[in-house]
Structures are given as C-alpha cells and as structure tokens.
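The first residue of the sequence shown is numbered 1, and numbering continues consecutively from there.
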Amino acid sequence: MIQPDWDLFLSSLWPMFDGAVRGTIPLALMSFAIGLVLAVALALMRLSTRRWLSGIARGYISIVRGTPLLVQLFVIFYGLPSIGVTIDPWPSAVVAFSINVGGYAAEVIRAAILSVPKGQWEAAYMIGMSHRRALTRIILPQAARVSVPPLSNTFISLVKDTSLASTILVTELFREAQQIAAFSQEFMLIYLEAALIYWVICLVLSTGQGFVEKRLDRYVAR
C-alpha cells in the first residue's frame with residue numbers, strides 16, 4: 001500500500017496558500033467587483049422600457065449563460081490575438097471572469113429589484129421622488145439586501161472557477177498545484193491538497209455569508 005508523502009504535503013502547503021492569497025482571492029475579488037458593476041447596468045437595461053436597451057442586455061446575458069466559461073476565457077486570451085488584440089494572462093482572466101459574472105449576476109439583481117414591493121415605488125413617488133432617485137435611494141438598497149445570498153453563492157463559485165485561469169498560465173492556487181505535481185509526480189496527493197484548500201476557503205466564505213445574511217435579513221421589506 002502506497003503511503004502518502006506527508007513531508008511533501010506540508011512543504012507544498014505554503015506555495016499553494018501563497019498562490020491563493022496572491023492569485024486566487026485577488027482575481028476573484030477584482031473580477032466580482034467589475035462584474036457586479038456590469039451586472040447592475042445590465043439589470044437596469046433589462047428592466048428598461050426601451051426595447052433596444054432591453055434587447056442588448058438579453059442578448060448579452062443569453063450568450064454568457066449559454067457558453068462555457070472556459071470557452072470565453074480562451075476566446076479572449078487565444079482568440080483575440082488573431083485579430084490583433086493581445087492581452088496578458090492576468091487581465092485576460094479578469095476580463096473573462098468579469099464578463100461571466102456580469103451575465104449571471106444581472107439576472108440575480110433584476111429579480112431582486114422586481115421583488116421589492118410596488119408600494120415602495122408608490123411611497124417614493126408620493127413624497128416627490130423622481131424615478132431615478134427612488135431607484136437609487138429606496139429600491140436598490142432593498143434589492144441589494146435581497147440579493148446577498150445568491151450573489152454570495154456566485155462569488156463562491158467564482159473562487160472555484162478561478163482555477164481555469166491556470167489554463168492561460170495565470171499563477172494562482174491550482175497553477176501552483178500543477179507545477180508541484182509535475183515536479184514531484186505525486187498527482188493524487190497534491191490535487192487532493194489543492195481541493196482541500198479550496199474547500200477551506202469556500203467554507204470560510206460560506207460562514208461569512210451566513211453571518212451577513214442574518215444581519216441584513218431584518219431590514220428587508222416583507
């Protein structure tokens with residue numbers, strides 16, 4: 001029976017942890033922040049009474065949700081150079097992940113906005129607020145609270161999806177694991193170790209998500 005190489009397990013912990021801290025987490029945070037801004041814009045476009053605006057948003061969301069993230073990543077990094085646009089690995093990953101998050105989070109935010117009771121709109125209009133002011137001051141803050149659980153799940157999924165960045169040579173947790181496994185030939189041990197680190201990160205994020213949900217739930221209009 002093959003015994004695990006615990007010395008290798010312990011010595012590889014730091015390089016992979018460092019890859020997570022310097023690669024995985026920043027990549028996920030940056031992509032999620034950009035994607036969230038894009039998602040808000042797309043959600044408002046979807047709710048617009050102007051058909052051309054709504055149509056553009058629908059098309060964007062349909063394409064993003066209907067194509068694999070890996071394909072989107074490859075199109076940006078490997079495909080764009082064929083038309084004269086070359087982007088470095090890290091920015092390529094940020095662009096691809098942001099575009100993907102924007103497409104998925106847009107529907108979450110749109111649903112959250114629609115979930116706010118219509119009486120909130122009516123109350124805002126009664127005190128003389130314009131549509132834009134009512135949206136920014138009354139509706140969006142409530143929608144933000146409602147959207148915390150699904151958006152948190154989107155972020156947790158994004159953390160795991162950043163492993164795809166290793167396919168375009170971005171140095172992050174899984175890329176470090178690949179390099180260590182290739183050098184040591186201990187593929188099972190190293191990849192299970194990487195899976196363990198991803199699980200711990202997601203466990204911490206899930207715990208934080210639960211705490212935030214409890215704090216915000218009491219402020220949601222019912």
Side-chain angles (χ1 to χ4, degrees), residues 25-69 72-73 76 91-162 202 204-222:
I25 300 302
L27 182 58
L29 287 172
M30 188 180 302
S31 301
F32 187 76
I34 297 173
L36 200 56
V37 173
L38 182 58
V40 172
L42 287 167
L44 294 178
M45 288 171 65
R46 282 278 280 116
L47 294 171
S48 174
T49 55
R50 299 177 181 177
R51 290 186 177 180
W52 66 274
L53 270 180
S54 180
I56 291 174
R58 283 175 180 272
Y60 178 98
I61 293 169
S62 177
I63 291 171
V64 168
R65 291 163 65 96
T67 56
L69 175 55
Q72 297 166 15
L73 188 61
I76 292 170
S92 293
V94 171
V95 170
F97 294 143
S98 298
I99 288 173
N100 190 267
V101 168
Y104 280 91
E107 288 297 273
V108 171
I109 294 172
R110 182 179 72 89
I113 292 173
L114 292 175
S115 73
V116 177
K118 292 184 178 180
Q120 299 290 315
W121 286 101
E122 295 169 358
Y125 295 149
M126 286 289 291
I127 61 175
M129 284 189 174
S130 64
H131 179 83
R132 178 177 297 181
R133 191 171 181 82
L135 180 67
T136 56
R137 296 290 298 274
I138 305 297
I139 306 303
L140 284 181
Q142 294 186 61
R145 297 182 187 115
V146 173
S147 63
V148 164
L151 288 179
S152 298
N153 291 332
T154 299
F155 179 70
I156 292 173
S157 295
L158 176 62
V159 170
K160 294 179 289 183
D161 288 341
T162 56
C202 292
V204 172
L205 293 174
S206 297
T207 302
Q209 173 188 348
F211 176 76
V212 172
E213 286 180 26
K214 288 181 180 179
R215 291 295 299 271
L216 294 180
D217 188 59
R218 54 184 149 171
Y219 299 112
V220 177
R222 301 297 182 182

To the nearest 0.5 Å, atom CE of M45 lies from atom CG of L38 at 9.0 Å
Here the pair of heavy atoms bringing A43 nearest to R110 is CB-N, 3.8 Å
### Message
Determine whether a donor-acceptor pair (N or O, by modelled atom type, separation under 3.5 Å) exists between the side chain of S48 and the backbone of L44.
### Response
no
CG of N153 to OG of S157, rounded to nearest 0.5 Å, is 6.5 Å
Using a 3.5 Å cut-off and no angle test, enumerate the donor-acceptor pairs between side-chain atoms of residues 59-66 and protein atoms at least two apart in sequence or in another chain.
from: Y60; atom 1: OH; to: I99; atom 2: O; distance (Å): 3.0

Shortest non-hydrogen pair, V108 vs S147, comes out as CG1-CB, 4.0 Å
For S98 and M30 the tightest heavy-atom approach is OG-O, 4.4 Å
Residues S31 and A93: closest non-hydrogen pair is OG-O, 4.3 Å
Applying side chain to side chain contact (heavy atoms under 4.5 Å, CB included) to P91 and not counting sequence neighbours gives I87, D88
* Please tell me if the side chains of L47 and L114 come closer than 4.5 Å, counting only heavy atoms from C-beta onward. => yes
So salt bridge (Lys or Arg N to Asp or Glu O under 4.0 Å) across residues 41-56, not counting sequence neighbours, yields R46-E107
In V95, L69, L158, the residue satisfying side chain to side chain contact (heavy atoms under 4.5 Å, CB included) with N100 is L69
Between the CZ atom in R133 and the CD1 atom in I139, the distance rounded to the nearest 0.5 Å is 13.5 Å
Shortest non-hydrogen pair, S92 vs L73, comes out as O-CD1, 4.1 Å
Output for pair (S206 OG, F155 CZ), nearest 0.5 Å, gives 11.0 Å
